Novice: 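Sharing a structure here in structure tokens format.
What you see is a predicted model, and the numbers here were worked out from it, not measured in a lab. Residue numbers start from 1 in every chain, and the chains themselves are labelled A, B, ... in the order their sequence lines are given, proteins ahead of strands.
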Amino acid sequence: MDFKNSGVMYALAAAVVIFVVVQSLFFMVKAWKRGLKLGIESSTLRQTVISSALFSLAPAISILATVLALASALGYVLPWIRLSVIGNLAYETVAAEAALEALSTSLSDTQLTAREFSTVAWAMTVGSCFPLVLLPFLCKKIHKTMNRVLSSGKSGEKNSALGDILAAAAFIGIMAAFISRSIMGVQKDGPSAGFMTVAVLLSAMVFTVALDLLCKKKNLKKLEPFVLPIAMFGAMGIAVLLWQTVPSEITGFVWRSYNENGELVWGGSR
Amino acid sequence: MKKERTYIDSMHFWGKIWSVTALCVLFCVPLVFSLRYNAFPDLQIFMKAALKIIPIYWGTAIVEVITYTPMLGAGGTYLSFVTGNITNLKLPCALSALDRSGYKASSEEGEVISTVAIASSAITTTLVIAVGVLAFGPSILKITDPQSPLAPAFNYVIPALFGALGASYFTKHWKLSVFPILAGVIVYIFVPGLEAGTMIFVTIIASVCGALALYKLKIVK
């Protein structure tokens with residue numbers, strides 16, 4: 001009996017997909033109406049929708065690949081559900097592995113019993129639910145506190161300089177984490193920092209700056225919302241090109257790696 | 001003024017309702033499965049598994065709620081935490097939309113833009129995964145398989161995404177950007193395996209402190 005990919009599981013997945021889409025549409029419609037009242041042009045809102053959708057395509061395919069990678073042990077549907085609600089690309093595999101380990105098995109096991117499968121599903125659900133428990137209590141409080149700190153950042157008010165700087169600094173802080181990881185991080189289950197991560201990072205930056213300049217010089221307003229998705233796909237294209245044309249000793253080179261004893265050493269390949 | 005408060009308050013009101021509903025939907029999945037197949041978990045093994053998973057998830061959840069909530073706006077926060085994949089998708093999406101629109105995150109216009117961006121991203125991702133699983137399941141694995149010529153594209157999504165996003169911010173605020181990146185790189189030299197989710201905490205603090213210092217020294221205005 002293939003309970004992992006059964007009709008019940010597909011029905012549950014369909015319910016989850018409908019729930020997520022309806023919720024997203026609900027918030028989008030509310031925000032859209034409010035935006036129009038605030039004087040935001042509908043073309044700006046439309047462009048936001050299109051560029052965000054394009055921007056999400058490539059990461060969505062990576063998430064899809066994670067779903068499929070978990071499929072041999074857990075079937076298609078449970079990972080699909082897990083990555084559609086709360087799930088996170090980085091933690092879902094780790095969580096599935098941890099749950100399977102407790103059953104003394106692994107991700108390559110295709111013979112889970114219904115009871116074992118149920119145990120994994122419950123454990124992953126209990127593990128992942130916590131943000132939704134925290135949010136109803138914390139979200140409003142955090143926003144109120146932050147707005148008090150950054151209230152000077154609203155347009156038209158004086159003394160907004162520091163608020164603006166701190167808001168920009170917080171955003172830059174987020175990006176700095178990922179960029180510094182691409183420059184110097186070491187990962188066990190993904191690409192460590194090395195030739196390729198830096199080359200892709202720089203390519204994406206060069207594409208963005210070049211496209212921004214092009215938009216400004218030629219006054220291409222319509223291209224502006226697509227600069228980031230194009231730059232991202234361009235950099236991914238460069239990754240493929242480098243991998244195909246540059247010798248593998250160079251493309252595979254990482255600054256640091258784990259040797260066969262699990263020790264961290266300088267140099268190595270991914 | 002009253003209207004402004006009403007919109008944000010209604011976002012919180014609906015956000016709470018959707019969060020609780022999402023919790024119910026989430027728990028329905030294992031519950032319906034267990035009832036249908038009469039397969040309830042072995043309590044001892046469940047505890048063992050949960051104890052392994054909870055530290056991974058719950059610790060991250062606390063850090064993520066505190067770090068991301070101020071950046072995502074009210075509507076965006078509730079939506080992001082229900083649909084997940086915040087660091088690698090929803091947050092960059094919101095930041096990029098805000099950057100392009102020119103509205104500040106703390107303004108109500110910024111709140112609207114980030115909510116629309118996150119909703120669009122959530123719908124796209126959910127549909128891509130659904131269509132991908134149903135229609136292209138095994139063939140997607142062929143594309144992302146390490147032997148596939150397209151595999152490198154998907155291995156390096158994160159540097160491509162944050163390189164593109166970072167460039168537009170860094171060119172505008174390069175003085176603010178040097179210190180947090182340097183801080184991140186130095187921390188990675190000593191703690192190379194640190195998850196990006198934890199590192200965000202470090203680099204935001206470094207970035208905000210650096211910005212305050214530059215402001216006091218009148219290097220940025």
Novice: Pick from B:Thr125, B:Asn38, B:Thr83, B:Ile181: which one has the most heavy-atom pairs with chain A under 4.5 Å?
Specialist: B:Thr83
Novice: With a 4.5 angstrom heavy-atom cut-off, is it the side chain or the backbone of B:Met11 that approaches chain A, or both, or neither?
Specialist: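 Looking at B:Met11, backbone and side chain both touch chain A.
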Novice: Contact part of B:Thr171 toward chain A, heavy-atom cut-off under 4.5 Å: side chain, backbone, both or neither?
Specialist: side chain
Novice: Quick check on A:Gln244: does its CD atom have over 12 non-hydrogen neighbours (other residues, nucleotides or ligands) under 6.0 Å away?
Specialist: yes
Novice: State, to 0.1 Å, how close B:Asn85 and A:Leu83 come at their nearest heavy-atom pair, and which atoms those are.
Specialist: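 What the structure gives for the nearest pair is ND2-O, 3.7 Å.
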Novice: What are the two closest non-hydrogen atoms of B:Leu176 and A:Ala168, and how far apart are they?
Specialist: CD1-CB, 4.2 Å
Novice: Quick check on B:Ala206 against chain A: is it the side chain, the backbone, both or neither that has a heavy atom closer than 4.5 Å?
Specialist: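 Contact with chain A involves no heavy atom of B:Ala206 at all.
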Novice: Donor-acceptor check, side chain of A:Ser118 to backbone of B:Ala39, threshold 3.5 angstrom: yes or no?
Specialist: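 Pair found, side chain donor or acceptor close to backbone of B:Ala39.
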Novice: Considering non-hydrogen atoms only, spot the tightest contact between A:Leu64 and B:Ile129 and give its length.
Specialist: CD1-O, 3.7 Å
Novice: Tell me, for A:Ile81 versus chain B, whether the close heavy atoms (under 4.5 Å) come from the side chain, the backbone, both or neither.
Specialist: side chain
Novice: Side chain, backbone, both or neither: which part of B:Leu98 has an atom under 4.5 Å from a heavy atom of chain A?
Specialist: side chain
Novice: Please state whether the side chain, the backbone, both or neither of B:His173 comes within less than 4.5 Å of a heavy atom of chain A.
Specialist: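 For B:His173, heavy atoms of backbone and side chain both lie under 4.5 Å from chain A.
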Novice: Checking A:Phe233 against chain B: side chain, backbone, both or neither under 4.5 Å from a heavy atom?
Specialist: neither
Novice: Under a 4.5 Å heavy-atom cut-off, does chain B meet the side chain of A:Ser182, its backbone, both or neither?
Specialist: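 Only the side chain of A:Ser182 comes within 4.5 Å of chain B.
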Novice: May I ask you to check whether B:Trp58 and A:Phe130 place their ring centers less than 6.0 Å from one another?
Specialist: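 For B:Trp58 and A:Phe130, the ring centres are under 6.0 Å apart.
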Novice: Contact part of A:Thr44 toward chain B, heavy-atom cut-off under 4.5 Å: side chain, backbone, both or neither?
Specialist: side chain
Novice: Verify the distance criterion only: is there a donor paired with an acceptor across the side chains of B:Thr124 and A:Ser56 at less than 3.5 Å?
Specialist: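 No - no donor-acceptor pair under 3.5 Å links their side chains.
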Novice: So, do B:Pro192 and A:Arg256 sit near enough that their side-chain heavy atoms are less than 4.5 Å apart?
Specialist: yes
Novice: Identify the two heavy atoms, one from A:Leu228 and one from B:Ser168, that lie closest to each other, and give their separation to 0.1 Å.
Specialist: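 Taking every non-hydrogen atom into account, CD1-OG, 4.4 Å.
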Novice: Where does B:Thr21 contact chain A at under 4.5 Å (heavy atoms): side chain, backbone, both or neither?
Specialist: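 Backbone plus side chain of B:Thr21, per the 4.5 Å heavy-atom cut-off to chain A.
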Novice: Check each atom of A:Leu132 against the heavy atoms of chain B and say whether the ones under 4.5 Å are side chain, backbone, both or neither.
Specialist: both
Novice: Under the criterion side-chain contact (heavy atoms from CB on, under 4.5 Å), I'd like the reasoning laid out for B:Ile54 against A:Val126: C-alpha separation, chi angles, the key distance, then a yes or no.
Specialist: CA-CA 8 Å; B:Ile54 283 174; A:Val126 169; 4.2 Å; yes
Novice: Below 4.5 Å from any heavy atom of chain A, which atoms of B:Leu182 appear? Answer side chain, backbone, both or neither.
Specialist: neither
Novice: Is the shortest side-chain heavy-atom distance between A:Val20 and B:Ile123 below 4.5 Å?
Specialist: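 Of all side-chain heavy-atom pairs linking B:Ile123 with A:Val20, none is under 4.5 Å.
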Novice: Any idea which heavy atoms bring B:Ile66 and A:Ile142 closest together, and the distance?
Specialist: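 So the minimum-distance heavy-atom pair works out to CA-CD1, 4.1 Å.
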Novice: Return yes when atom CZ of A:Phe137 has more than 12 non-hydrogen atoms of other residues, nucleotides or ligands closer than 6.0 Å, and no otherwise.
Specialist: no
Novice: At a heavy-atom separation under 4.5 Å, does B:Tyr103 approach chain A through its side chain, its backbone, both, or neither?
Specialist: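 Just its side chain gets close to chain A.
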Novice: Hey, do the aromatic rings of A:Trp122 and B:Phe33 have their centres closer than 6.0 Å?
Specialist: no
Novice: Classify the ring geometry of B:Tyr78 against A:Phe27: parallel below 30°, tilted from 30° to 60°, perpendicular beyond 60°.
Specialist: parallel
Novice: Do the non-hydrogen side-chain atoms of A:Ile179 and B:Phe170 ever get within less than 4.5 Å of each other?
Specialist: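 SC-SC contact between A:Ile179 and B:Phe170 confirmed.
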